Asker: 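Below is the structure I would like to discuss, written out as C-alpha cells.
By convention here, the first residue in the shown sequence is residue 1. Treat the numbers as computed from the prediction; the structure is a model and nothing was measured.
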Amino acid sequence: MAAPSLGRLVLTHLLVALFGMGSWAAVNGVWVELPVVVKRLPESWSLPSYLSVLVALGNLGLLVVTLWRRLAPGKGERVPIQVVQWLGIVGTALLAPLWCHVAPVAGHSHSVAFLTLAFVLALACCASNVTFLPFLSHLPPTFLRSFFLGQGLSALLPCMLALIQGVGRVECDDTSVPIYFPERFPASTFFWLLTALLVTSAAAFQGLLLLLPSPPCVPTGSPAQGLRVGEPGVEEDEEEASPLQEPPSQAASTTVSPDPKAYRLFSAHSACLLGLLAITNALTNGVLPAVQSFSSLPYGLLTYHLAVVLGSSANPLACFLAMGILCRSLAGLCGIFLLGMFFGAYLIALAVLSPCPPLVGTSTGMVLVVLSWVLCMGLFSYVKVAVSSVLHSGGQPALLAAGVTIQVGSLLGAIAMFPPTSIYQVFHRGQDCVDSCSQ
C-alpha cells in the first residue's frame, strides 16, 4: 500500500479547510455588516433582534435534513451539502443588489428582502453542521481538525473584510463630538466578496469529490458502523489507514471491522462529551457574541476591533494546536473547559458592569479584555475540536450526533441571551466620545 504524497495530503487539508470555511461564513458576514446596513434599513438597531430570531428559526434546516434522510436513506451527504452550498451562494449573491429594498407590511416599511434572504442563509448554515460533519466520517480524524480550522476562518475572514471596509470608524473632535467616517466600499460590494468566499468553499468540495475515492456504502445503523466511540487514550486506526492511503478499488472494498475496545455512543462517557460540546457551543455561538461589544467597547474602538479579530483568530490557531497535540482525556478536556469558563465569566462580568467596567481607560484593562477574548475563544475552540475528534471513531452517526449537538447548543445559547439583551436591557452601551464614568 503506497503512502500518499506530501503534496496530496497538503492539498486535501487545504480543500477540507476551505470546505469548512463555507459552513457559517454567510451568517457571520451578515452579522459583521449590520453596523452598515442598519443605517439604511427601517428596523434600524432593532435589526439584530430580528436576525437572532431568524437564525433560531434557521434550525428548521435540521428538520429538512432529517426528512431527506428518511425519504432517501443511503444516498449519502453529497446532495444535501451541494444544496446547502448553493443556498448560501444564491442568498448572498441576491443580498448584494437587494439588501436595501423595503416593502410595506401591515402599514409599516420593512426590509423584507434582507430578512427573507437572511432566513435562507440561516437555514443553510444551520443545516451545514449536520451535513458537512457526517461527510468527514470518510476521512481520517486529522482532516476533521482542518475542517474546524476552516470553520474558524468562516468567522475571521468576514471580520477582516469588515475591518478593511472601515465599519464603525469614528473619531472625536476637540469638543467631544463624534465624527463618523464613511465606509471604503458599500455593503453590496461586501456581499459580493462574501459570495466569492462561498463559491471558493463550494469549489473546494467539488475538488474533494474528485480527489478522494468514493466512500464505501455502509447501511445506516449497521453493526460495523454503529454509534461507537473509541476508549479515551486509544489512538484511532483511521489515523493510519484511510481512503487517502489506498487506491480507489481497495478503498471501495474496505469494510470497517468492529472494535472490541469501542463502546456505544449512548454511554456516560459519550454523554459527557456531547454535553461538553453543547455547552461550549452555547457559549461561543450564543452567549459570548451577545456580550462582546458590551465587554470591549468601553475600553475603546481599537480594543473592540482587536478583541473581535484576535478572538476569531484564536479558533484556527487552536485547530493548528490540536493537529499536533490532541487531548483525548475527558478529565483533561473538562479542565480546559473550566479554564475557558474562567475567562468567559470575566468577560460576562465586564459586560454586566458596562459602560464602566474595572480598569476602563487604562492600558491594563485593554490588554486584559483582549487577552481574555483570545484565551477564552481559543480554549473553547480546542475543546470543540478535541471532542469532535474523539467522536470521529463512531463514524457517520457519531459525527451526525455531534452536528446536532453543536446546533442545539448554539440555539439554546442564543435563546438564553435574548431576554437579557433585548427585553430586560441588562447590558448598557456607552455613547461615542462621551465619558460615562467620570465622577
Side-chain angles (χ1 to χ4, degrees), residues 59 62 65-66 69 77 126 128-145 147-148 151 218-242 256-286 318-319 322-323 325-341 379-413:
N59 285 277
L62 299 178
V65 174
T66 302
R69 293 180 186 279
E77 307 297 332
C126 291
S128 68
N129 280 330
V130 291
T131 53
F132 289 17
L133 278 176
F135 171 79
L136 296 174
S137 63
H138 307 302
L139 297 175
T142 51
F143 292 96
L144 186 65
R145 294 154 217 169
F147 173 81
F148 279 104
Q151 274 203 334
V218 181
T220 302
S222 65
Q225 197 75 2
L227 301 178
R228 299 178 182 273
V229 179
E231 285 188 344
V234 178
E235 194 68 25
E236 312 301 339
D237 292 339
E238 293 95 330
E239 296 275 8
E240 304 298 333
S242 72
V256 182
S257 58
D259 183 0
K261 295 183 179 180
Y263 53 89
R264 293 192 174 276
L265 188 64
F266 300 108
S267 64
H269 179 268
S270 302
C272 289
L273 288 175
L274 290 174
L276 202 59
L277 194 62
I279 298 172
T280 302
N281 280 276
L283 292 169
T284 58
N285 299 336
C319 296
M323 289 181 180
I325 305 173
L326 185 67
C327 177
R328 295 180 178 274
S329 165
L330 179 59
L333 291 174
C334 288
I336 297 172
F337 170 78
L338 290 176
L339 186 57
M341 278 292 298
L379 291 168
F380 283 151
S381 297
Y382 183 88
V383 170
K384 289 191 286 185
V385 175
V387 170
S388 300
S389 297
V390 173
L391 293 173
H392 183 280
S393 61
Q396 186 183 58
L399 287 180
L400 175 61
V404 172
T405 301
I406 289 172
Q407 203 52 52
V408 170
S410 303
L411 173 62
L412 293 177

Asker: Given Val65, which of Leu400, Val404, Val130 fulfils the side-chain contact (heavy atoms from CB on, under 4.5 Å) condition?
Answerer: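 Answer to the side-chain contact (heavy atoms from CB on, under 4.5 Å) test with Val65 among Leu400, Val404, Val130: Val130.
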
Asker: For Val387, run the side-chain contact (heavy atoms from CB on, under 4.5 Å) check against Leu277, Leu274, Thr280 and tell me which one passes.
Answerer: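 Of Leu277, Leu274, Thr280, side-chain contact (heavy atoms from CB on, under 4.5 Å) with Val387 is met by Leu277 alone.
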
Asker: Do other residues, nucleotides or ligands put more than 12 heavy atoms under 6.0 Å from the CG atom of Leu338?
Answerer: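 Above 12, so yes.
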
Asker: Under 30°, 30 to 60°, or over 60°: which ring-plane class applies to Phe380 and Phe337, parallel, tilted or perpendicular?
Answerer: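 Taking Phe337 first and then Phe380, their aromatic rings sit tilted (interplane angle of 30° to 60°).
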
Asker: Please give me the minimum heavy-atom distance between Arg328 and Arg145, naming the atom from each residue.
Answerer: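 Closest approach of Arg328 to Arg145, heavy atoms only: NH2-NH2, 3.8 Å.
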
Asker: Do you know which two heavy atoms are closest between Cys126 and Leu62, and how far apart they sit?
Answerer: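 Shortest heavy-atom contact: O-CD2, 3.8 Å.
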
Asker: Among Asn129, Val408, Leu411, which residue meets the side-chain contact (heavy atoms from CB on, under 4.5 Å) test with Asn59?
Answerer: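 Filter result, single survivor: Leu411.
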
Asker: Minimum heavy-atom separation for Ala318 and Ser381, please, with both atom names.
Answerer: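 Here Ala318 and Ser381 meet closest at CB-CB, 3.8 Å.
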
Asker: Check whether any side-chain N or O of Ser388 sits under 3.5 Å from a backbone N or O of Val385 as a donor-acceptor pair, and report yes or no.
Answerer: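 Between the backbone of Val385 and the side chain of Ser388 there is no qualifying donor-acceptor contact (under 3.5 Å).
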
Asker: Is the side chain of His392 donor-acceptor paired with the backbone N or O of Leu136 at a distance under 3.5 Å, no angle test?
Answerer: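 Side chain of His392 to backbone of Leu136, a donor-acceptor pair under 3.5 Å: yes, one is there.
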
Asker: I would like to know whether Ile406 and Leu133 meet side-chain contact (heavy atoms from CB on, under 4.5 Å); could you show each step before the answer?
Answerer: CA-CA 11 Å; Ile406 289 172; Leu133 278 176; 3.9 Å; yes

Asker: Mind checking what makes side-chain hydrogen bond (donor to acceptor under 3.5 Å, both in side chains) contact with Thr284, not counting sequence neighbours?
Answerer: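 Expected list: Lys384.
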
Asker: State, yes or no, whether a side-chain contact exists between Leu399 and Leu144 at a heavy-atom distance under 4.5 Å.
Answerer: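 Yes, side chains in contact.
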
Asker: Run the side-chain contact (heavy atoms from CB on, under 4.5 Å) check on Ser389 and Phe148 step by step: do they pass?
Answerer: CA-CA 10 Å; Ser389 297; Phe148 279 104; over 6 Å; no

Asker: So, taking the atom named OG in Ser137 and the one named CG in Leu391, what distance separates them when rounded to the nearest 0.5 Å?
Answerer: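 Taking OG in Ser137 and CG in Leu391, the distance rounds to 12.5 Å.
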
Asker: Drop me the distance from Leu333's CG to Leu326's CG, to the nearest 0.5 angstrom.
Answerer: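 Leu333 CG to Leu326 CG: 8.0 Å, rounded to 0.5 Å.
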
Asker: Are any of the side-chain heavy atoms of Leu330 and Leu273 separated by less than 4.5 Å?
Answerer: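 The answer is yes, as the side chains (C-beta and beyond) meet within the 4.5 Å cut-off.
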
